[in-house]
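Each chain gets a letter, A, B and so on, in the order its sequence line appears, and its residues count up from 1.
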Number of protein chains: 2
Amino acid sequence: MGYTIKDLSERTNLSPNTLRYYEKEGLLPDIKRTKGGIRHYSQENLEWIGLITCLKNTGMTIKQIRQFVDLSLQGPETLKARCELLKTHKQEIERHIEEINRYYDKVNCKIDYYTKQYEQYMEEEGN
Amino acid sequence: MGYTIKDLSERTNLSPNTLRYYEKEGLLPDIKRTKGGIRHYSQENLEWIGLITCLKNTGMTIKQIRQFVDLSLQGPETLKARCELLKTHKQEIERHIEEINRYYDKVNCKIDYYTKQYEQYMEEEGN
DNA sequence: GTAATACTTAGCGTTAACGCTAAGTCAAGA
DNA sequence: TCTTGACTTAGCGTTAACGCTAAGTATTAC
């Protein structure tokens, strides 16, 4: 039971290098080892990595994630703090979403504009 | 008429350094100069920078933007190519939007989860 | 005329998040 | 048993997109 580092690498699309790096940086606590020292990731570990990846891909730095992880390790007294941290981050994400939507509109406008320009150009050339 | 580099820096939130850098990299063609060699940005230049910024902040690299700019400089024969390029990029943006929405949902789930955990914790402690 | 701003070249520094390598050791599944 | 994969330390390399500095010159708004 459990995943080897290669298994997990495939499931998470993170390289073994990256998985070791995250562990070293404190983002992945409680990874079990065999007697021989080989990592064995649990289902829980896999899910945790899902959360880490989520935070990372929405703009959190490793250091910031580290702080969140440190809180998590301190037990239920920090539940509120963790919640606040996530709520703050949620607002960040909302800002990103707004921004990207604005840019999306802008690109669409440009596409329309170029399309019209192109049609006009073809008409002129077409004669 | 026209903006100095400082004016434009303020309007675009790009540093003078960055504006010169973009120009050097070929993202900003046709910037006029005074006899003395001082840059004078036009309204058109400002709008162009708006587009560049849009592409950059939606994940295009300087090099890719450069290709788009090069096409633009070649006149109306490249209108179709530019259009295709933007459409491809539009799909990229759509992928980003989907991704970020998934992450957004995940963060919200976590917030709910922690909130419930917290309430439960408070109940237990509250006695 | 003078202070404030702009220009150039050029080249080194920075940050984040890894990648990669090497050397040497160890583990474990078939 | 043997081959395949895993482990460690440690340290250098990489990429993108600038930042910063210095030195020395030129311009321009007031």
Side-chain angles (χ1 to χ4, degrees), chain A residues 1-42 45-46 49-69 89 92 96 99 103, chain B residues 1-42 45-46 49-69 89 92 96 99 103:
Chain A
M1 251 156 294
Y3 310 103
T4 69
I5 201 165
K6 204 186 179 191
D7 291 341
L8 213 72
S9 171
E10 282 156 10
R11 260 167 226 269
T12 59
N13 283 320
L14 299 174
S15 75
N17 263 334
T18 304
L19 288 169
R20 292 195 201 100
Y21 172 65
Y22 282 1
E23 190 177 340
K24 208 179 84 186
E25 294 301 314
L27 307 191
L28 311 179
D30 302 325
I31 306 284
K32 295 283 179 286
R33 308 279 189 124
T34 63
K35 289 174 209 166
I38 304 237
R39 290 171 179 83
H40 263 253
Y41 298 91
S42 67
N45 291 152
L46 178 56
I49 292 173
L51 181 57
I52 298 303
T53 304
C54 168
L55 297 178
K56 237 222 91 219
N57 291 348
T58 48
M60 262 204 203
T61 66
I62 303 280
K63 266 185 199 170
Q64 290 171 320
I65 298 173
R66 172 66 191 269
Q67 291 175 17
F68 175 76
V69 176
H89 187 59
E92 267 300 295
H96 287 155
E99 198 191 6
Y103 288 135
Chain B
M1 253 152 294
Y3 309 103
T4 69
I5 201 165
K6 203 185 179 192
D7 290 341
L8 214 71
S9 171
E10 282 157 9
R11 261 167 226 269
T12 60
N13 283 321
L14 300 173
S15 76
N17 263 334
T18 302
L19 288 168
R20 291 193 202 100
Y21 171 66
Y22 282 2
E23 190 177 341
K24 207 179 84 187
E25 294 301 314
L27 307 191
L28 311 179
D30 303 325
I31 306 284
K32 296 280 179 289
R33 307 280 189 123
T34 63
K35 290 173 210 167
I38 303 238
R39 290 172 179 81
H40 262 254
Y41 299 89
S42 67
N45 291 154
L46 178 56
I49 292 174
L51 181 57
I52 298 303
T53 303
C54 168
L55 297 178
K56 237 221 89 220
N57 291 348
T58 49
M60 263 204 202
T61 66
I62 302 280
K63 267 185 197 168
Q64 290 171 320
I65 298 173
R66 172 66 190 268
Q67 291 175 18
F68 175 76
V69 176
H89 186 59
E92 267 299 295
H96 286 155
E99 199 192 5
Y103 288 135

DNA chain D contacts made by residues 53-69 of chain B, counting heavy atoms under 4.0 Å: B:Lys56, B:Thr61, B:Ile62
Just verifying a value: how many Å separate [X] [atom1] and [Y] [atom2], rounded to the nearest 0.5 Å?
| X | Y | atom1 | atom2 | value |
| --- | --- | --- | --- | --- |
| A:Thr12 | A:Tyr3 | OG1 | OH | 11.0 Å |
| B:Ile38 | B:Lys35 | CD1 | NZ | 13.0 Å |
| A:Arg66 | A:Leu27 | CZ | CG | 7.5 Å |

Measure from [atom1] on [X] to [atom2] on [N] and round the result to the nearest Å.
| X | N | atom1 | atom2 | result |
| --- | --- | --- | --- | --- |
| B:Tyr21 | C:dG13 | OH | C1' | 15 Å |
| B:Arg33 | D:dA26 | CZ | P | 16 Å |
| B:Lys24 | C:dT9 | NZ | P | 9 Å |
| A:Glu23 | C:dC18 | CD | P | 15 Å |
| B:Lys6 | C:dA4 | NZ | C1' | 9 Å |
| A:Asn17 | D:dA6 | CG | P | 12 Å |
| A:Glu25 | C:dA17 | CD | P | 9 Å |
| A:Ile31 | D:dA6 | CD1 | P | 15 Å |

For nucleotides 22-29 of chain C, list the nitrogen or oxygen atoms of the protein found under 3.5 Å from its nitrogen or oxygen atoms, one pair per line.
unit_1	atom_1	unit_2	atom_2	d
C:dA28	OP1	A:Thr34	OG1	2.9

Would one find a side-chain N or O of [X] under 4.0 angstrom from OP1 or OP2 of [N]?
| X | N | value |
| --- | --- | --- |
| B:Thr18 | D:dG19 | yes |
| A:Tyr22 | C:dC18 | yes |
| A:Arg39 | D:dT8 | yes |

Residues B:Thr58 and B:His96: side-chain donor-acceptor under 3.5 angstrom: no
A:Leu55 and A:Gln64, any side-chain heavy atoms less than 4.5 Å apart: no
Polar side-chain atom of B:Ser42 near backbone of B:Gly2 as donor-acceptor pair, under 3.5 Å: no
Donor-acceptor contact below 3.5 Å, side chain A:Thr53 vs main chain A:Ile49: yes
Residue whose closest nucleotide on DNA chain C lies nearer the 5' end, A:Pro16 versus B:Ile5: B:Ile5
Electrostatic pair B:Lys56:B:Glu25 at N-O distance under 4.0 angstrom: no
Heavy-atom pair of closest approach, residues B:Leu14 and B:Ser9: O-OG, 2.9 Å
